[in-house]
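Right, one structure below, let's go through it.
Model, not experiment: these values are computed from the prediction.
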Amino acid sequence: MLQIIFYEDRNFMGRHYECMSDCADMHSYMSRCHSCRVESGCFMVYDHPNYMGNQYFFRRGEYADCMSMMGWSGSIRSCRMIPMYRGSYRMRIYERENFGGHMHECMDDCDSFMDRYHMSDCMSCHVMDGHWLMYEHPHYRGRMMYMRPGEYRSFREMGYGGTRFMSMRRIMDSWY
């Protein structure tokens, strides 16, 4: 069973909310969230309700001061559990929106699209298998975006207009 516990204040203080599934709006459970403890599983947290805004990945562990760690000024407003996946991983990344431009099929982590594929832009993708994290900068740094199986025709239309994703990694079952 996947479980994350959110706390209103830093260092696991104040009221808390135990979550074992997706939560589109945490405001109904607590007014703010500044620390959390992942008992089991992996979760994406968001700084806006309905899984919108900046995203951050949490796996098993303690996060005593989430806001400072993530560089956010607000609070965690929603969360999505990431189901465990055991199987092959496959994603196609595209240079342009709507699956245009050069395409590369990926089955493992890539710490730099530029180094591996000589690709300076990744503006759409199709996730066939597995769950992935895409990062704004090489070497898995910067803003991140959770990708589950599906078609992502335009990162710009998803709210990532100025973001260029430059690296990606698989969410492995060993992280649980």
Any side-chain heavy atom of Cys19 within less than 4.5 Å of one from Cys79? yes
Heavy-atom distance under 4.5 Å between the side chains of Tyr85 and Asp129, does that happen here?
yes
- Are Glu105 and Arg90 side-chain neighbours, meaning at least one heavy-atom pair lies under 4.5 Å? yes
Which of Glu136, Met168, His137, Met44 passes side chain to side chain contact (heavy atoms under 4.5 Å, CB included) with Met144? Answer is Met44
If Ile, Leu, Val, Met, Phe, Trp and Tyr residues are connected whenever their side-chain heavy atoms lie under 4.5 Å apart, and connections chain through other members, are Leu2 and Tyr51 in the same group? yes
The side chain to side chain contact (heavy atoms under 4.5 Å, CB included) partners of Arg153 (sequence neighbours excluded) come to Asn98, Phe99, Glu151
>> Determine whether Tyr94 and His102 satisfy the following criterion, side-chain contact (heavy atoms from CB on, under 4.5 Å), listing intermediate values before the conclusion.
In response: CA-CA 6 Å; Tyr94 296 85; His102 294 289; over 6 Å; no
TODO: Find out whether Ile93 and Tyr117 are in side-chain contact, i.e. whether some heavy atom of one side chain is under 4.5 Å from a heavy atom of the other.
DONE: yes
Exercise for review: Kindly indicate, with the supporting measurements, whether the criterion salt bridge (Lys or Arg N to Asp or Glu O under 4.0 Å) is fulfilled by Asp9 and Arg32.
Suggested key: CA-CA 8 Å; Asp9 300 316; Arg32 64 186 182 278; 2.8 Å; yes
**Prompt:** Heavy-atom count around Met20 CE within 6.0 Å, excluding the residue itself: above 12?
**Reply:** yes
Would you call the rings of Tyr89 and Trp132 parallel, tilted or perpendicular, taking 30° and 60° as the class edges? perpendicular
### Query
Between Arg77 and His27, does any side-chain donor sit less than 3.5 Å from a side-chain acceptor?
yes
- Any link between Val38 and Ile82 through a network of hydrophobic side chains (Ile, Leu, Val, Met, Phe, Trp, Tyr) touching at under 4.5 Å? yes
Using the benzene-type ring in the case of Trp, are the ring centres of His126 and Tyr152 under 6.0 Å apart? no
message = Is the shortest side-chain heavy-atom distance between Glu95 and His104 below 4.5 Å?
response = no
Margin query: Does Cys122 form a side-chain contact (heavy atoms from CB on, under 4.5 Å) with Arg164? I'd like the steps, not just the answer.
Written below: CA-CA 6 Å; Cys122 175; Arg164 298 167 92 183; over 6 Å; no
Across all chains, not counting sequence neighbours, the ring-ring contact (aromatic ring centres under 6.0 Å, His included) partners of Tyr63 are Phe58
For Met13, does the CE atom sit with more than 12 other heavy atoms under 6.0 Å from it, leaving out its own atoms? no
Test item: Leu133 and Met145 side chains (from C-beta on) under 4.5 Å apart, heavy atoms
no
| Are Met172 and Met147 in one and the same hydrophobic cluster, where Ile, Leu, Val, Met, Phe, Trp and Tyr link if side-chain heavy atoms are under 4.5 Å apart? | yes
By ring-ring contact (aromatic ring centres under 6.0 Å, His included), Tyr140 pairs with (sequence neighbours left out) Tyr135
Which word best sums up how the rings of Phe6 and Tyr17 line up, parallel for under 30°, tilted for 30 to 60°, or perpendicular for over 60°? parallel
Dump the intermediate steps for side-chain contact (heavy atoms from CB on, under 4.5 Å) on Val45 and Ser78, then the final yes or no. CA-CA 6 Å; Val45 298; Ser78 57; over 6 Å; no
| field | Tyr7 and His34 side chains, donor-acceptor separation under 3.5 Å | value | no
* Hey, mind stepping through Arg96 and Asp121 against salt bridge (Lys or Arg N to Asp or Glu O under 4.0 Å) and telling me if it holds? -> CA-CA 7 Å; Arg96 302 281 172 249; Asp121 280 322; 3.7 Å; yes
Between Cys110 and Ser167, is any pair of side-chain heavy atoms under 4.5 Å apart? no
* Asked: Are side-chain heavy atoms of Cys33 and Glu8 found at a separation under 4.5 Å?
  -> no
Arg80/Tyr46 under side-chain contact (heavy atoms from CB on, under 4.5 Å): CA gap, chis, key distance, verdict = CA-CA 8 Å; Arg80 174 169 275 153; Tyr46 303 81; 4.0 Å; yes
